[in-house]
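Encoded as structure tokens, the structure appears first; notes follow it.
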Amino acid sequence: MEPIAVIDFETTGISPGQQGRATEIAAVLVEDGHIVARYQSLMNAGVSVPPFIEALTGISTRMLREAPPAAQVMREVAAFVGDTPLVAHNAAFDQKFWDAELARIGLARRQAFACSMLLSRRLLPDAPNHKLGNLTAWAQLPVTGQAHRALADAEMAANLTTYLLDQLQTRHRVAAPTHSLLCALQRVPKARVGEFLRQQPGKSAPCRSR
DNA sequence: TGCCAGGCCCTCTTTAGGGCCTT
């Protein structure tokens with residue numbers, strides 16, 4: 001599969017705007033199932049961190065005061081990612097902040113987002129739920145650090161995405177899944193996932209027992 | 001004044017409602 005960039009934001013709220021700004025971002029580049037590069041930074045958008053968010057993330061207003069400006073961080077992470085296709089867990093959330101923070105510095109997103117949460121709902125229906133931390137534990141993937149910090153969550157989402165790609169290849173015998181396939185799969189109604197996967201071209205031969 | 005995210009997904013649904021998931 002082509003390289004992908006998995007990103008994760010920490011923010012002051014649930015939606016961009018006056019009450020919602022990014023406080024931290026991480027991006028990891030994944031090639032051939034391995035994380036090959038990492039970017040992580042707190043960012044100072046001139047906002048205060050609500051007590052609930054500080055308790056959740058450990059990120060305080062004082063930490064942000066000492067962080068580089070949000071505009072500088074977004075320019076750096078946008079350059080780090082380039083045109084690499086994007087992935088995030090519950091990508092609708094991260095996409096909103098990615099687009100909003102880029103717009104503040106006059107930039108626009110150039111690539112599509114795939115969502116590891118929508119994909120896990122389709123490919124891991126037996127999981128007890130689809131929270132990132134719980135999926136990581138359920139699939140016995142590595143614990144990458146403190147949950148609700150951007151780099152740890154981005155690495156967990158990257159590991160989960162690699163796991164989902166492995167499921168596509170070994171369980172569903174899709175020979176060469178692409179980011180475009182992930183974007184299409186996440187929009188397929190759950191009841192039609194099996195039919196969709198059976199129709200994929202380039203499937204490898206069925207496994208034969210010895 | 002009152003509201004305050006929003007798309008996905010399931011079901012005791014479809015002329016709707018509520019939980020999930022992200023911070």
Side-chain angles (χ1 to χ4, degrees), chain A residues 4-28 40-64 67 70 73-74 77 86-104 109 112-139 141 144-161 163-164 182-197:
Chain A
I4 56 173
V6 183
I7 73 161
D8 185 79
F9 274 107
E10 304 306 319
T11 72
T12 60
I14 210 71
S15 184
Q18 289 291 328
Q19 304 302 320
R21 290 297 305 272
T23 59
E24 185 180 43
I25 187 166
V28 299
Q40 177 274 329
S41 182
L42 292 167
M43 63 175 83
N44 183 3
V47 294
S48 297
V49 179
F52 167 74
I53 300 295
E54 181 173 346
L56 179 71
T57 66
I59 297 171
S60 66
T61 302
R62 171 176 286 187
M63 291 165 67
L64 298 188
V73 173
M74 288 307 300
V77 71
L86 291 165
V87 175
H89 196 72
N90 195 7
F93 174 86
D94 292 280
Q95 180 179 320
K96 284 189 299 185
F97 278 94
W98 181 261
D99 290 350
E101 294 292 345
L102 283 185
R104 287 178 177 273
R109 177 165 49 92
F113 264 96
C115 176
S116 57
M117 185 189 75
L118 294 180
L119 292 166
S120 71
R121 282 178 175 171
R122 285 158 177 77
L123 296 174
L124 308 176
D126 295 333
N129 61 54
H130 298 277
K131 294 181 181 179
L132 179 59
N134 290 347
L135 283 169
T136 294
W138 179 80
L141 299 173
T144 53
Q146 179 187 345
H148 297 299
R149 287 302 299 264
L151 183 58
D153 283 1
E155 291 189 2
M156 278 196 286
N159 291 334
L160 173 61
T161 303
Y163 181 83
L164 293 169
L182 299 183
C183 290
L185 174 57
Q186 71 188 15
R187 293 191 297 269
V188 173
K190 287 182 71 174
R192 303 187 68 175
V193 165
E195 174 189 352
F196 173 85
L197 292 174

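What you are looking at is a predicted structure, and each value in this text was computed from that prediction instead of being measured. Per chain, numbering begins at 1; letters A, B, ... match sequence-line order. Side-chain atoms are counted along with the backbone in the values below, which use heavy atoms only and exclude waters and symmetry mates.
Note on residues 114-139 of chain A: pairs passing side-chain hydrogen bond (donor to acceptor under 3.5 Å, both in side chains), not counting sequence neighbours, are A:H89-A:S116, A:S120-A:H130, A:N129-A:N134.
Separation of the C1' atoms belonging to B:dG18 and B:dT1 is 26 Å when rounded to the nearest angstrom. Nucleotides B:dG2 and B:dC21, compared at atom P, are 34 Å apart to the nearest Å. Nucleotides B:dC12 and B:dC20 place their P atoms 16 Å apart, quoted to the nearest Å. For the P atom pair drawn from B:dC3 and B:dC10, the interatomic distance equals 31 Å after rounding to whole Å. For the P atoms, the distance from B:dT13 to B:dG19 is 16 Å, rounded to whole Å.
No contact: A:T23 has no heavy atom under 4.0 Å from any strand. Residue A:F97 is classed as having no contact, given no heavy-atom separation below 4.0 Å to the nucleic acid. Using a 4.0 Å heavy-atom distance criterion, A:K190 is classed as a sugar-phosphate-only contact. At a threshold of 4.0 angstrom between heavy atoms, the contacts of A:D153 are confined to the sugar-phosphate backbone, with no base atom among them. Using a 4.0 Å heavy-atom criterion, one finds that A:D94 contacts no nucleic acid atom at all.
The backbone N or O of A:S60 sits nowhere less than 3.5 Å from a side-chain atom of A:E54 that would complete a donor-acceptor pair.
A:R21 has its side chain out of reach of A:F97: every pair of non-hydrogen atoms, C-beta onward, lies at least 4.5 Å apart. In this structure the side chain of A:V28 never reaches within 4.5 angstrom of the side chain of A:V87, judged on heavy atoms.
Between A:R187 and A:S15, the residue whose closest nucleotide on DNA chain B is further toward the 5' end is A:S15. Residues A:A92 and A:H148 both approach DNA chain B. Their nearest nucleotides, taken by heavy-atom distance, put A:A92 toward the 5′ side.
Salt bridge absent: A:E10 and A:R149 never bring a charged side-chain N and a carboxylate O closer than 4.0 Å.
Within residues 116-123 of chain A, the residues approached by DNA chain B to less than 4.0 Å at the level of any non-hydrogen atom are A:M117, A:L118, A:R121, A:R122, in residue-number order.
Shown here is A:R192, whose CZ atom has no more than 12 heavy atoms of other residues, nucleotides or ligands within 6.0 Å.
You can see that DNA chain B meets the heavy atoms of chain A within a 4.0 Å-exclusive cut from B:dA5 to B:dT23, reading 5' to 3'.
Distance check: A:I53 CD1 to A:T11 OG1 gives 6.0 Å after rounding to the nearest 0.5 Å.
Among all heavy-atom pairs drawn from A:A22 and A:E101, the shortest one is N-OE2, 3.2 Å. Nearest heavy-atom pair, A:I25 versus A:M43, reported as atom, atom and distance to 0.1 Å: CG2-CE, 3.4 Å.
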